[in-house]
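In this text the structure is predicted, and so the values were computed from the model without any measurement. Positions are given from 1 along the sequence.
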Amino acid sequence: MSSMSNESTSGHELFELAPIAMWVEDFSAVKVIFDKWRTNGVSDIIPFLREDMSRVAECAHAIRVLKVNRKTLELFEARDTAELVDNIGSVFRDEMLETHIDELAQLFEGKLNFTSYTVNYTLSGKRLDVQLRGQVLPGHEETLDYVLLATEDVTEREEAHRRERFQSLYAQGLFEHSPVSLWVEDFSRIHTLLAELRARHIVNLRVFLDVHPEFIRQCLGEIRVIDVNQATLHMFRAPNRQVLLQNQHVVFRDDVEDHFREQLIDLWEGRLLHSHEVMNYALDGSERYVLLQFSVFPGHEEDWSLVLVSLTDITARKKAEAYLEYLGRHDVLTKLYNRSFYTEEVNRLERKRVCPVGLLIIDLNGLKESNDALGHDAGDSLLRRLGEVLNESVSLPNCAARIGGDEFAVLMPGADSKAAEVALEEIYRVLEVNNQFYADAPISISAGMAICETSETIEIGSAPCRRRDVPQEARILRTPAKYRNQRLKLFSQTFWDNGRRGEIRTPPLWSQTGKRRLISEKSGPSCINVTRTIGELSYCAPTLLS
């Protein structure tokens, strides 16, 4: 008897001093409920319980707490067993019923031990994540009236798991819903290829790529795309990831090798964070100017097995820049180059010592009279038409520019006098076609031509163009005779070509019969003036009286 008493006392002390919370509970009433359900034909317990959670609550309320150890009272902040039992409803509540289903299901299926993860609460309301282990003690298998449960506090571990899941979902949300195109890629094979080059004692990768451009294509083929986000699919007009990845040759083409070459050089030189402006294409063929930013994920610097490539769509910005650049170099009205570009081009030709250089100076006749008589809209229309003529008739390497209100110039690098004459004839041919479409308002031009020979200098002065020490040469493009007999009033234009006076007849750009009449010409301010060394070419506007 003494031995048995000692064993009993020893077992009680072990229970009381156990380092984890322990409970002894009576599940006999739960067994009665189980037997009733089996009698009613219940065999699949889990859906049966989920169908009506009050059945789970009924089982929970049927459990009777027999005793708990000191660790249990400490964990649940109770002074004694009575206080804990009296407040058991505040300990087992909320989501505890959901996890209690697993315990009940294991007992219903005849298992004598069970485990589950559940949530309990201390008497002060503090949440506890616990791992519950239950064991039906020997001799009580039929009645379930003596069940030992161990409650292990795993709150810190579960909190860490929750933080990890939150961070994972947070990162995934940032990736998926970022407004910037993001690509997660594996560059480990490229890392290996570059390491092999170093082992072959290659020092200058730029020179190596100049000699072996196929290496760039080889590296491009070794990139493995791991994932892309929704912004990428939207940017490149792809319905899903699979379609996009299968059509990478459509997205990355043309000069992609030139851009990737610079990326390889950055990686070779240890720049694991770099950016480049590149051109890509959407699957519908539209252009995408993007700012590519490349970075190796922390912890993957040694193998580049995980890198992030972000593509920011800068198409609108590049188009705006291109338009601003266009405005800085072009005349908006005529779509020709402007005087600023013309000046830069003259200076460039002078620096490059390009010879010979042909120059045409073209004046739109009657612009002021048209503005005065019909308004500036009519004058703008004439300027636009001449711009169309010059854009159509002048092709590279020649360039046409509007250098004044009604003054235009055509620069012809490498053109001799014969080539310049051919260019004049082409301008006139296109002008004739244009006048056929606008027969009620034909336009006329006056033109001078000069050639800059070897070692000569082109300078810009107050006049459209001035050359020093150049042999005298100036030509007048005369209006054809067929315009002379039109019913519109004609006015005279007098030109001085190296001191010789010549008169040609051209149609006016306006006509108000009976209200205005022309009188004799008087010399007026020069509209086109090439310096004396190449001959003077002047235009005198007619004087009008009401």
Inset, instruction - Please determine if E345 and R348 form a salt bridge, counting it only when a charged side-chain N lies under 4.0 Å from a carboxylate O. - result: yes
Legend entry - Member of L336, D331, I403 meeting the side-chain contact (heavy atoms from CB on, under 4.5 Å) criterion with F408: L336
Inset, instruction - Evaluate side-chain contact (heavy atoms from CB on, under 4.5 Å) for C399 paired with V394, printing each intermediate quantity in order. - result: CA-CA 6 Å; C399 64; V394 177; 5.6 Å; no
Inset, instruction - Return yes if a side-chain donor-acceptor contact under 3.5 Å exists between H276 and D266, otherwise no. - result: yes
Inset, instruction - Looking only at non-hydrogen atoms, find the nearest pair between V243 and L283 and report the distance. - result: CG1-CD1, 3.9 Å
Legend entry - Side-chain heavy atoms of F187 within contact of L306, under 4.5 Å: no
Legend entry - Min side-chain heavy-atom separation L182-V309 under 4.5 Å: no
Legend entry - Salt-bridge contact D129-R162 (side-chain N to carboxylate O under 4.0 Å): yes
Inset, instruction - Please report the C-alpha distance between N365 and I443 in whole Å, then the side-chain angles of each, then the deciding distance to 0.1 Å, and finally whether the side-chain contact (heavy atoms from CB on, under 4.5 Å) criterion is met. - result: CA-CA 7 Å; N365 295 332; I443 60 177; over 6 Å; no
Exercise answer: donor-acceptor pairs, residues 201-209 side-chain atoms, under 3.5 Å, sequence neighbours excluded:
residue	atom	partner	partner atom	Å
N204	OD1	R206	N	3.1
N204	OD1	V207	N	3.1
R206	NH1	E262	OE2	3.4

Legend entry - Carboxylate-amine/guanidinium proximity below 4.0 Å for E277 and R317: yes
Inset, instruction - Measure from the side-chain N and O atoms of N434 to the backbone N and O of V389, and report whether any donor-acceptor pair falls under 3.5 Å. - result: no
Legend entry - SB check D210 R261 (cutoff 4.0 Å): yes
Inset, instruction - Using only heavy-atom distances, determine whether the side chains of S446 and D363 contain a donor-acceptor pair under 3.5 Å. - result: no
Inset, instruction - Give the C-alpha distance, both sets of side-chain angles, the deciding distance and a yes or no for side-chain contact (heavy atoms from CB on, under 4.5 Å) between V290 and T312. - result: CA-CA 5 Å; V290 300; T312 305; over 6 Å; no
Legend entry - For the student: nearest non-hydrogen atoms of S305 and H300, plus distance: OG-ND1, 2.9 Å
Inset, instruction - Would you check if K335 and Y326 make a side-chain contact, meaning some heavy-atom pair closer than 4.5 Å? - result: yes
Legend entry - Salt bridge present between R224 and E185 (N-O < 4.0 angstrom): no
Legend entry - Pair R429 + E432: basic N to acidic O under 4.0 Å: no
Legend entry - Residues S181 and T232: side-chain donor-acceptor under 3.5 angstrom: yes
Legend entry - Residues N280 and R253: side-chain donor-acceptor under 3.5 angstrom: no
Inset, instruction - Using the ring of W304 (Phe, Tyr or Trp, six-membered ring only), decide whether R189 places NZ or CZ under 6.0 Å from its centre and within 45 degrees of its axis. - result: no
Legend entry - R241 and E176 ion-paired at < 4.0 Å: yes
Legend entry - Aromatic contact, Y281 with F236 (centres under 6.0 Å): no
Legend entry - Polar side chain donor-acceptor pair, R288 to S286, under 3.5 angstrom: yes
Legend entry - Donor-acceptor side-chain pairing of N338 and S340 below 3.5 angstrom: no
Inset, instruction - Could you tell me which non-hydrogen atom of L424 sits nearest to which non-hydrogen atom of A447, and how far apart they are? - result: CD2-CB, 4.0 Å
Inset, instruction - Verify the ring-centre separation between W183 and F252: is it less than 6.0 angstrom? - result: yes
